[in-house]
Protein chains: 2
Amino acid sequence: MKVYDRYWFALLALARAGALEGEVRISTITLAEMLNTSQQTASRYLMQLSRLGYIRRRMHKRGQYIRITKAGENALLEIYRDLREIFEKPKVIEITGEVFTGLGEGKYYLSIPHYIKQITEKLGFKPYPGTLNVRIKDEKSLMNRLLMETFKPTAYIHGFSNGKRTYGSAKCYLATINGVKEAAIICIERTHYGKDVVEIIAPVCLRERLGLKDGDLVKIQVKTSEAP
Amino acid sequence: MKVYDRYWFALLALARAGALEGEVRISTITLAEMLNTSQQTASRYLMQLSRLGYIRRRMHKRGQYIRITKAGENALLEIYRDLREIFEKPKVIEITGEVFTGLGEGKYYLSIPHYIKQITEKLGFKPYPGTLNVRIKDEKSLMNRLLMETFKPTAYIHGFSNGKRTYGSAKCYLATINGVKEAAIICIERTHYGKDVVEIIAPVCLRERLGLKDGDLVKIQVKTSEAP
DNA sequence: ATTACTAAATGGCGAGTAG
DNA sequence: TCTACTCGCCATTTAGTAA
């Protein structure tokens, strides 16, 4: 790495000038201006980058044409990936809302063996037969709920059909509820609730465990796993 | 730029170690190994980064705890955005919404010379004194609005203070409104609107130009910035 | 264990300039 | 014009070592 550090910004400048897509005409003076350095230094940088195989130069009587090679692109890409991981990956999305009593839809779903099996396998806990319904009141939480759904779910629960009717799929996101770490938001595909409602599953009855009653505020921290 | 080039990789290494999320225990020797350099150099880098305000160090008898500051994060973010622009094709983000009549906040802001001047300089047109207010109704647009804000604005309008009160900053994104190409979304930092509202500026009165009245649907196409 | 100072060695920078 | 060489200068590095 060491050796390339100092040429890295030169490569970035060339990329910005379009040298990834094709040959670009750039004088050493122009590059020097872009890097805020001298013409001589820019010239040296280009020589080194060429020697490293990161760029290809086509010299001309008056001017040169530069293009970044595959190797150079990979060098840039490597850092880009690092940064993307740093900035896009580890996000904790916070949602707060009020507990309310639902219509037993969650309870019904969580009594179907097909769902229980998949949830147990994919989330690592056997869900208590019932969901904790939370209604989002503030806008920030609503945004975060939408943002959450742009991330890849921790588990994807497949729907099925038994001939009589079809059962929808669902997405699960691991989350912490008021400090209880073993829980998940479950987004049932064809729920009759709006986007302002989230349903929580856990191996225990959260209402009892957290001593919750209707109208109580809960704080949900969703752990996203992958870039949107 | 010049001075910071060489600390950039050190900052990246610290970010990789998790120093963006919280304090991380890293010895100068460990950092030296990560950067493939000497312990002394790593030590110096940390001192410089600290002096630049990019990291905060908590020294201990045996060991130190390092965390990247907001300024450091921004330094990394800037390069990340550069790379994202280079590697991700410029996207057109679509937002649709309904026109509504605001409270004259936009009109007020666009009568302040300080703002007019900056907008004219940075966007290339003198804004009509008034904004077109659009309320987002659908979820897809709401998400796109959030996505938009992860991109670098076309222009950043700085806030100011005149002693009496402070005027917030704003971010502008060039956009096309119902086919009108010379327009921009302006995100005022301390607006009283929620994230479901966007305000549009243009050199002309868009309401007249497009024959809009309250409740009419408009289609906004935001151009995410491209490498210059 | 650590971090960081000092001083000597290394090597990058850029003015001048040739091709 | 352009690129890139030489060479004096000085910035960066690192071994040794103190705290």
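Proteins come first, then strands; the chains are lettered A, B, ... in the order of their sequence lines, and each starts at number 1.
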Grab the [atom1]-[atom2] distance between [X] and [N] for me, whole Å please.
X: A:Glu33; N: D:dC2; atom1: CD; atom2: P; value: 10 Å
X: A:Ile26; N: D:dT3; atom1: CD1; atom2: P; value: 11 Å
X: B:Leu49; N: D:dT12; atom1: CG; atom2: P; value: 14 Å
X: A:Arg51; N: D:dT3; atom1: CZ; atom2: C1'; value: 14 Å
X: B:Asn36; N: D:dT12; atom1: CG; atom2: C1'; value: 16 Å
X: B:Arg25; N: C:dT3; atom1: CZ; atom2: C1'; value: 12 Å
X: B:Leu31; N: D:dT13; atom1: CG; atom2: C1'; value: 15 Å

- Item | Members of residues 41-48 of chain A that approach DNA chain C, where some heavy atom sits under 4.0 Å away | A:Thr41, A:Arg44, A:Tyr45
- Message: I'd like to know if the side chain of A:Ser141 pairs up with that of A:Asp138 as donor and acceptor (distance under 3.5 Å, no hydrogens or angles considered).
- Response: yes
- Item | Which residues share a salt bridge (Lys or Arg N to Asp or Glu O under 4.0 Å) with A:Lys181, sequence neighbours left out | none
- With heavy atoms under 4.0 Å as the rule, sort A:Gln64 into base, sugar-phosphate or nothing. sugar-phosphate
- Query: Which part of the nucleic acid, if any, lies within reach of B:Arg57 when heavy atoms closer than 4.0 Å are counted: base, sugar-phosphate only, or nothing?
  - Reply: sugar-phosphate
- Message: Test: salt bridge (Lys or Arg N to Asp or Glu O under 4.0 Å). Region: residues 33-54 of chain A. Which pairs qualify, not counting sequence neighbours?
- Response: none
- Task: With sequence neighbours excluded, give me every salt bridge (Lys or Arg N to Asp or Glu O under 4.0 Å) pair touching residues 118-132 of chain B.
- Result: B:Lys117-B:Glu121
- Compare side-chain N and O positions of B:Thr28 against OP1 and OP2 of C:dT3 and report whether any pair is under 4.0 Å apart. yes
Candidate nucleotides [options], ranked by approach to the side chain of [X] - the nearest:
X: B:Ser27; options: C:dT3, D:dA4, D:dC2; value: C:dT3
X: A:Thr37; options: C:dA4, D:dT3, C:dG14; value: C:dG14
X: A:Gln39; options: D:dC2, D:dA4, C:dT3; value: D:dA4

- Query: Over its full length, what angle do the end axes of the helix from C:dT2-D:dA19 to C:dG19-D:dC2 make, each axis taken from five pairs and the result rounded to 10 degrees?
  - Reply: 40°
- Give the C-alpha distance, both sets of side-chain angles, the deciding distance and a yes or no for side-chain hydrogen bond (donor to acceptor under 3.5 Å, both in side chains) between B:Glu105 and B:His192. CA-CA 9 Å; B:Glu105 189 191 37; B:His192 58 263; 3.3 Å; yes
- Query: Taking atom types as they are modelled, is there a donor-acceptor pair under 3.5 Å from the base of D:dG16 to the side chain of B:Gln40?
  - Reply: yes
- Using a strict 4.0 Å threshold on nitrogen-to-oxygen distance, state whether B:Glu85 and A:Arg16 make a salt bridge. yes
- Any Lys/Arg nitrogen of A:Glu73 or A:Lys70 sitting under 4.0 Å from an Asp/Glu carboxylate oxygen of the other? yes
- Query: Can you check whether A:Phe9 and A:Tyr45 have ring centres sitting under 6.0 Å from each other?
  - Reply: no
Kindly list each side-chain donor-acceptor pair under 3.5 angstrom involving residues 168-177 of chain B, sequence neighbours excluded, with atom names and distances?
from: B:Ser169; atom 1: OG; to: B:Tyr156; atom 2: OH; distance (Å): 3.1
from: B:Ser169; atom 1: OG; to: B:Glu189; atom 2: OE1; distance (Å): 3.4
from: B:Tyr173; atom 1: OH; to: B:Phe151; atom 2: O; distance (Å): 3.2

